[in-house]
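This report concerns only the one structure given below.
In what follows, chains carry the letters A, B, and so on, assigned in the order in which the sequence lines appear, proteins first and then strands, with residues in each chain numbered from 1. Everything quoted here is computed from the prediction, not taken from an experiment.
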2 protein chains.
Amino acid sequence: MRRRILEWLKDRSNFPPALPGHEDLEGVCVAYIQEKAKLSQSTISNYMGLLKQAGFVKAERHGQWTFYRRDEENIQAFLAAVKDELLKM
Amino acid sequence: MRRRILEWLKDRSNFPPALPGHEDLEGVCVAYIQEKAKLSQSTISNYMGLLKQAGFVKAERHGQWTFYRRDEENIQAFLAAVKDELLKM
DNA sequence: TCCATAAATCGAAATATCTCGATATACAAA
DNA sequence: TTTGTATATCGAGATATTTCGATTTATGGA
């Protein structure tokens with residue numbers, strides 16, 4: 001599920017339109033992700049925390065919302081490392 | 001550990017010499033794998049069964065020994081599938 | 001046929017992972 | 001300051017994974 005969330009975050013249009021006054025932000029709020037994932041709020045909040053801790057997303061707090069977006073640099077580094085690992089296999 | 005075993009199996013010389021009379025076989029017996037992995041006999045037997053079920057190795061019984069060797073075709077197909085999956089990420 | 005050895009199977013303990021509901025915290029608006 | 005909404009944290013249940021020791025099965029040799 002966490003991988004699917006990362007994929008969804010590649011395209012903002014996977015989620016409802018930006019909240020009024022936040023059209024410029026690329027991130028997506030937890031509630032939108034939760035709605036799409038159909039898992040509980042606490043689970044998604046937890047997952048986004050794990051993804052952040054792993055370096056796959058960046059969080060930006062604006063008011064009561066936390067907007068999450070991909071951290072492309074770390075994701076690409078991770079992919080390179082996995083590919084390297086797979087080469088051995 | 002199962003991935004490490006697969007890597008070991010790429011090179012027969014990761015294990016002791018073939019048993020007398022089985023020099024022509026490319027596979028490796030369970031006991032050799034167990035010795036290298038430093039896990040219990042039952043664990044390794046179980047793991048080799050899982051690897052076989054997953055299609056990553058082929059088993060060949062000769063006498064009391066079961067010789068396991070990589071199934072390159074399936075491994076490469078798997079790697080291609082994983083790479084494909086990673087591209088989405 | 002009986003025994004020894006290799007491998008497979010079984011049942012279980014320890015640990016990790018996924019997911020939840022309840023509660024706490026942060027913040028904005030009234 | 002009170003209230004409502006968004007998110008985070010906590011504790012726990014269900015399930016999955018890793019690994020083990022004990023036992024069973026298969027097989028070759030004495």
Side chain proximity check, A:Ile44 to A:Ile5, heavy atoms < 4.5 angstrom: yes
A:Glu7 side chain near B:Glu85 side chain, heavy-atom distance below 4.5 Å: yes
DNA chain D contacts made by residues 36-57 of chain B, counting heavy atoms under 4.0 Å: B:Leu39, B:Ser40, B:Ser42, B:Thr43, B:Asn46, B:Tyr47
A:Leu19 side chain near A:Tyr32 side chain, heavy-atom distance below 4.5 Å: yes
Side-chain (B:Arg12) to main-chain (B:Glu26) donor-acceptor, under 3.5 angstrom: no
Heavy-atom check, side chain of A:Lys38 versus side chain of A:Met1, under 4.5 Å: no
Sugar-phosphate, base or nothing in reach of B:Phe67, heavy atoms under 4.0 Å: nothing
Interatomic distance, B:Ile33 atom CD1 to B:Phe67 atom CZ [nearest 0.5 angstrom]: 10.5 Å
For atom OH of A:Tyr32 and atom C1' of D:dT7, their distance in whole Å: 15 Å
Over 12 foreign heavy atoms within 6.0 Å of CD, A:Glu73: no
Report, one line per pair, each donor and acceptor closer than 3.5 Å where one atom sits in a side chain of residues 46-56 of chain B; sequence neighbours left out.
none

Interatomic distance where CD1 belongs to A:Ile33 and P belongs to D:dA8 [whole Å]: 10 Å
Below 4.0 Å: OP1/OP2 of D:dA6 and any side-chain N or O of A:Arg61: no
Rounded distance (Å) that lies between atom P of D:dA6 and atom CZ of A:Phe15: 16 Å
Positional range of nucleotides in DNA chain C within the contact set of chain A, heavy-atom, under 4.0 Å: C:dC18 to C:dA28
